[in-house]
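Below: the structure, in structure tokens.
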Amino acid sequence: MGKSSSLLEDLIEKAGGCAVIDGGFATQLEIHGASINDPLWSALCLIKDPDLIKTVHTEYLEAGADILVTSSYQATIPGFLSKGLSIEEGELLLERSVTLAVEARDKFWDVVKRVPVHGYNRALIAASIGSYGAYLADGSEYSGCYGPDVNLDKLKDFHRRRLQVLVRSCPDLLAFEAIPNKLEAQNYLLCGNSESSGFQPKTDEKNGSLTRLFCSECACVELLEEENVHIPSWICFSSVDGDNAPSGESFKECLDAINKSKKVNAVGINCAPPHFIESLIWKFKELTEKAIVVYPNSGEVWDGRAKRWLPSQCFGDDKFELYATRWRDSGAKLIGGCCRTTPSTIQAISKVLKEMS
């Protein structure tokens with residue numbers, strides 16, 4: 001997969017065959033008292049409290065995380081512009097998201113490496129890139145429906161500068177997270193119209209208008225190629241039914257374009273309920289030869305429109321500890337947590353996986 005991919009492969013090997021990703025970032029910020037009910041979400045702390053971001057990164061390192069995901073999931077140039085910041089200031093904040101994680105990692109490692117036997121790995125930094133729907137903050141990241149005015153070029157334009165700035169910041173990895181759908185169809189893109197490709201566009205039954213379902217995933221794959229990015233990357237989808245992407249499209253469709261790309265090193269699921277994960281790992285194993293990454297939420301359900309968590313059955317740390325071994329045995333190479341998981345969750349996962357190795 002290329003020389004750059006050895007970073008990720010080496011970490012997985014050092015971790016005993018399965019590396020640990022950190023957990024819910026916004027969750028931990030809120031535990032510390034941060035108020036982030038804002039379209040920028042956790043990225044708001046890049047402006048208001050960067051020291052707290054470093055604190056949370058350090059807590060996940062102490063818990064045993066092998067990979068830190070940056071606070072840039074909803075950090076976008078348009079989002080920062082909406083706060084009255086300039087383009088240059090927005091770009092500096094994107095760079096800061098990587099710098100803060102690197103500084104936390106390096107400070108932690110400088111201490112740990114002096115201990116003869118410590119059980120930690122030098123963590124890698126994954127720059128988080130959220131979907132277009134995450135920027136919209138209107139719930140569309142959970143449906144994949146971006147409306148009739150969003151096309152491939154618009155998606156690529158949206159992601160391009162953020163990708164360039166994050167790559168320039170020199171993270172170890174790129175993490176495209178919680179992708180809700182696929183692009184209309186690869187043939188549609190190549191041929192330029194639905195008739196020649198055989199693609200049947202979906203229609204919004206409520207108003208009868210044509211609603212195209214696009215995936216930042218394919219846009220991001222093309223961007224990785226166009227920008228000639230050499231940093232290892234993963235692309236993770238979400239799922240609301242345990243079988244398909246939130247848009248209803250099959251994961252086979254979603255993975256077709258990814259499987260052809262040498263720029264993407266791992267694929268998987270994040271921010272889906274944990275009880276979906278085992279069956280999805282088996283599904284992905286049938287669809288791809290790439291490494292499989294999973295980091296589910298706690299099982300609680302987020303209402304993207306009402307901006308609140310709904311009462312629902314969730315996994316505690318003990319269940320994550322139990323199921324992490326099953327996910328590893330099923331074939332996952334990277335395991336962590338997403339929304340509503342905490343350092344104690346990651347500590348439970350790390351403990352059991354390191355005991356196994």
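All residue numbers refer to positions in the sequence shown, counting from 1.
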Pairwise side-chain contact, [X] with [Y], heavy-atom cut-off 4.5 Å (strictly under):
X: H159; Y: I129; value: yes
X: P50; Y: C45; value: no
X: I231; Y: P171; value: yes
X: Y146; Y: Y132; value: yes
X: L52; Y: H57; value: no
X: V165; Y: L92; value: no
X: L334; Y: L8; value: yes
X: W109; Y: Y120; value: yes

Supply the atom-to-atom distance [X] [atom1] to [Y] [atom2], rounded to the nearest 0.5 angstrom.
X: C18; Y: D329; atom1: SG; atom2: CG; value: 9.5 Å
X: L163; Y: E226; atom1: CG; atom2: CD; value: 10.5 Å
X: S71; Y: R96; atom1: OG; atom2: CZ; value: 10.0 Å
X: N151; Y: D153; atom1: CG; atom2: CG; value: 5.5 Å
X: S169; Y: I125; atom1: OG; atom2: CD1; value: 12.0 Å

Does the [X] side chain pair with the main chain of [Y], one donor and one acceptor, at a distance under 3.5 Å?
X: K156; Y: L223; answer: no
X: N297; Y: R340; answer: no
X: R114; Y: D110; answer: yes
X: T99; Y: E95; answer: yes
X: T70; Y: S128; answer: yes
X: K285; Y: S330; answer: yes
X: T55; Y: D51; answer: yes
X: K333; Y: V293; answer: no
X: S72; Y: A127; answer: no
X: T341; Y: G24; answer: yes

Worksheet, complete the sentence: The single option from W327, F251, W234 that satisfies ring-ring contact (aromatic ring centres under 6.0 Å, His included) with F284 is F251
Grouping I, L, V, M, F, W and Y whenever their side-chain heavy atoms are under 4.5 Å apart, do [X] and [Y] come out in a common cluster?
X: L29; Y: I31; result: no
X: I277; Y: W282; result: no
X: L287; Y: F276; result: yes
X: V150; Y: L136; result: yes
X: V352; Y: I281; result: yes

How far apart are the closest heavy atoms of [X] and [Y], and which atoms are they?
X: G331; Y: I292; value: O-CB, 4.2 Å
X: I179; Y: P246; value: O-CD, 4.4 Å
X: G242; Y: S279; value: O-OG, 4.2 Å
X: A123; Y: L61; value: CB-CD2, 3.5 Å
X: E141; Y: G133; value: CB-C, 3.7 Å
X: C145; Y: S140; value: O-CB, 3.5 Å

Does [X], at its [atom1] atom, have more than 12 non-hydrogen atoms belonging to other residues, nucleotides or ligands within less than 6.0 Å?
X: K351; atom1: NZ; value: no
X: E355; atom1: CD; value: yes
X: L322; atom1: CG; value: yes
X: E13; atom1: CD; value: no
X: K252; atom1: NZ; value: no
X: N228; atom1: CG; value: yes

For [X] and [Y], test the side chains for any donor-to-acceptor distance below 3.5 angstrom and give the result as yes or no.
X: H32; Y: E59; result: yes
X: S250; Y: E253; result: yes
X: E177; Y: Y295; result: yes

Item to complete: Walk me through it: do I53 and V56 pass the test side-chain contact (heavy atoms from CB on, under 4.5 Å)?
Response: CA-CA 5 Å; I53 289 176; V56 171; over 6 Å; no
Discussion item. Tell me whether the NZ or CZ atom of R105 lies within the 45° cone about the ring axis of F108 and under 6.0 Å from its centre.
Written reply: no
Worksheet entry | Over-ring placement of K83 relative to F80, 6.0 Å and 45° cut-offs | no
Worksheet item: With a 4.0 Å cut-off, would you call K113 and D106 a salt bridge?
Response: no
Worksheet item: Where do Y60 and Q28 land on the side chain to side chain donor-acceptor pair (under 3.5 Å) test, with the steps shown first?
Response: CA-CA 10 Å; Y60 277 115; Q28 194 65 7; 4.7 Å; no
Discussion item. I'd like to know whether the aromatic ring centres of H275 and Y323 sit less than 6.0 Å apart in this structure.
Written reply: no
Practice prompt. Please lay out, stage by stage, how I21 and V294 fare under the test side-chain contact (heavy atoms from CB on, under 4.5 Å).
Written response: CA-CA 9 Å; I21 304 170; V294 294; over 6 Å; no
Discussion item. Under the salt bridge (Lys or Arg N to Asp or Glu O under 4.0 Å) test against E227, which residue among R168, R160, R162 passes?
Written reply: R160
Discussion item. Would you call the rings of F158 and Y135 parallel, tilted or perpendicular, taking 30° and 60° as the class edges?
Written reply: tilted
Fill in: Step-by-step side-chain contact (heavy atoms from CB on, under 4.5 Å) determination, L353 to V20
CA-CA 8 Å; L353 292 181; V20 178; 3.9 Å; yes
Worksheet entry | side-chain contact (heavy atoms from CB on, under 4.5 Å) between S233 and F176, worked out | CA-CA 8 Å; S233 68; F176 296 93; 4.3 Å; yes
